[in-house]
Number of protein chains: 2
Amino acid sequence: MRQSAERGTRERILEVAEASLGEHGYHGTRLHDIAHRVGIQKASLFHYFPSKEQLYRAVLDEGFGHAEQTIARVLASEGSALDKVRALVAAYVDMVAAHPARTKLLLRQSLGDAPSGYHSADSERLLRQVASFVTEAQRQHLLAPIDPLGIVLGVVGMVAFFFTSAPVLAPNWLPDPWGSASIERVKRHVVSVVERCLTGGGAPDDEAAALPAQPSTVQPSR
Amino acid sequence: MRQSAERGTRERILEVAEASLGEHGYHGTRLHDIAHRVGIQKASLFHYFPSKEQLYRAVLDEGFGHAEQTIARVLASEGSALDKVRALVAAYVDMVAAHPARTKLLLRQSLGDAPSGYHSADSERLLRQVASFVTEAQRQHLLAPIDPLGIVLGVVGMVAFFFTSAPVLAPNWLPDPWGSASIERVKRHVVSVVERCLTGGGAPDDEAAALPAQPSTVQPSR
DNA sequence: GTCTATATAGGGATAGAC
DNA sequence: GTCTATCCCTATATAGAC
């Protein structure tokens, strides 16, 4: 909206910062490194972002925004409920594989990497959108009645884990973690798992607990 | 094996350090905090551990050791293959729920929280043990032929994600994340998912890729 | 084995020239 | 908008008394 020179540098900073924050976490990231990799001096960063924390938030917002767009696009597409589920998984896997640093960053954030409790309402809304879609399809008996949010959270965690942690824990499983062969393999695997969980088959997995929101039994004082 | 006074303090340091490292990560953890919570002065820590990094390794080793014992015990127990799978899941969920900080720590470690690449061969060996068990049971047609390491890694990531990230991303799902009600709920859910994946049912999910170790097609230059 | 005091370094942030 | 120089604080680690 303003100077054209500023835009380019700002975006490069965000890009490099995402990589660095994903790789080393908030506290492990050095502003000096970011500046160096961008090709400017550390002090120049403060012309674009007033503090490390604000840079962090900017990177985070961009990551969530991108994810939200992707999800919304797939949910709005055509096809059966099961088709959409497959498409959601595929899109999510593609996104994770295309942006490993961003994925690490979001994982770290949910582990509590933030300086102070920076809590994004975006993540909740995003998950609810997908879970609601599953719930609705289940109400119409298009999908098997397994705990919807459980499945969604499970897939999110599983896929993220495949691409971020698995290469460290089991380097032989995905020999080339971000190659297209690995992406397709994970996609097939996860789609397979999800299909087995969301189609016909087995016992209805405690329908009672499927969408409680306020189970009345908890809060053991401690 | 030596002084009784040392043992107690050393263990308390390890305990507190695990909590702190899990909560804030390596770079976010302050030795001053650990010392303060143990009730000693910061300098006294260096009597037990020569550096922050060595303390980190000690905590990590203890975590892996504990996990390995648990896995080994369950694998050595009696019962059918499916029984053992259920028991493995249950034991793993219990472990994660009982030691949230340790779980966070191991997750962080696999994201690359280490100061320098401290790579534990333990994790690989541990995963291979479980995956081998699944593979063997599949060879005897006791379990469905889904990618073994994929299932194991998936469960590991899924459960860890439920207890560490889900409370942040979807606080309504597990209202009391570490209460017994939540533990049982996650256990039922994961067992349900695993059963659907490892029993009869669907298509054989690319058996070819099930245990390649060296797929000959990869290494797309970059 | 625990303390107080201190050395040393590194990183976030600011001032001000150009 | 980018630089150099510098402030200021905090964190790891050490020295040495008790």
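Just the heavy atoms: all of them, side chains too, but no hydrogens, waters or symmetry mates, feed the values below.
- Contact check on B:Arg185 versus A:Asp147 returns a salt bridge, with a Lys/Arg side-chain nitrogen under 4.0 Å from an Asp/Glu carboxylate oxygen.
- Following rounding to the nearest Å, B:His47 (NE2) and C:dT2 (C1') show an atom-to-atom distance of 9 Å.
- Distance, A:Leu55 CG to C:dG11 C1': 15 Å, rounded to whole Å.
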Donor-acceptor list for residues 86-102 of chain B side chains, cut-off 3.5 Å, not counting sequence neighbours:
unit_1, atom_1, unit_2, atom_2, d
B:Arg86, NE, B:Glu195, OE2, 2.4
B:Arg86, NH1, B:Asp83, OD1, 3.0
B:Arg86, NH2, B:Glu195, OE2, 3.0
B:Tyr92, OH, B:Val156, O, 2.9
B:Asp94, OD1, B:Lys187, NZ, 2.9
B:Asp94, OD2, B:Lys187, NZ, 3.2
B:Arg102, NE, B:Glu18, OE2, 2.9
B:Arg102, NH1, B:His66, ND1, 2.9
B:Arg102, NH2, B:Glu18, OE2, 3.4

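- For the residue pair B:Tyr48/B:Gln54, the side-chain donor-acceptor check at 3.5 Å is not satisfied.
- Not one side-chain nitrogen or oxygen of A:Thr29 sits closer than 4.0 Å to the OP1 or OP2 atom of C:dG11.
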Problem - Verdict with supporting geometry, B:Leu111 and A:Leu111, side-chain contact (heavy atoms from CB on, under 4.5 Å) - result: CA-CA 11 Å; B:Leu111 283 175; A:Leu111 283 175; 4.1 Å; yes
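- Distances shorter than 4.0 Å separate none of the side-chain N or O atoms of B:Ser51 from OP1 or OP2 on D:dT14.
- The A:Lys52 side chain lies nearest to C:dA13 when the options are C:dA13, C:dC3, D:dC3.
- Considering only side-chain atoms of A:Thr9, the nucleotide from D:dT2, C:dA13, C:dA5 that sits closest is D:dT2.
- For the ring pair (Phe, Tyr, Trp, His ring centres under 6.0 Å) test, no residue two or more places apart in sequence or in another chain qualifies with A:His32.
- Distance from the side chain of B:Ser44 is smallest for C:dT2 among the nucleotides C:dT2, D:dC3, D:dT12.
- In this structure, B:Gly154 and A:Phe162 approach most closely via the heavy-atom pair N-CE2, 3.7 Å.
- Between D:dT2, C:dT4, D:dA13, one nucleotide has an atom nearer to the side chain of B:Phe46 than all others, and that is D:dA13.
- Scanning residues 30-42 of chain A for heavy-atom distances under 4.0 Å to DNA chain C yields A:Arg30, A:Leu31, A:Lys42.
- Atom CZ of B:Phe49 is separated from atom C1' of D:dT14 by 19 Å (rounded to the nearest Å).
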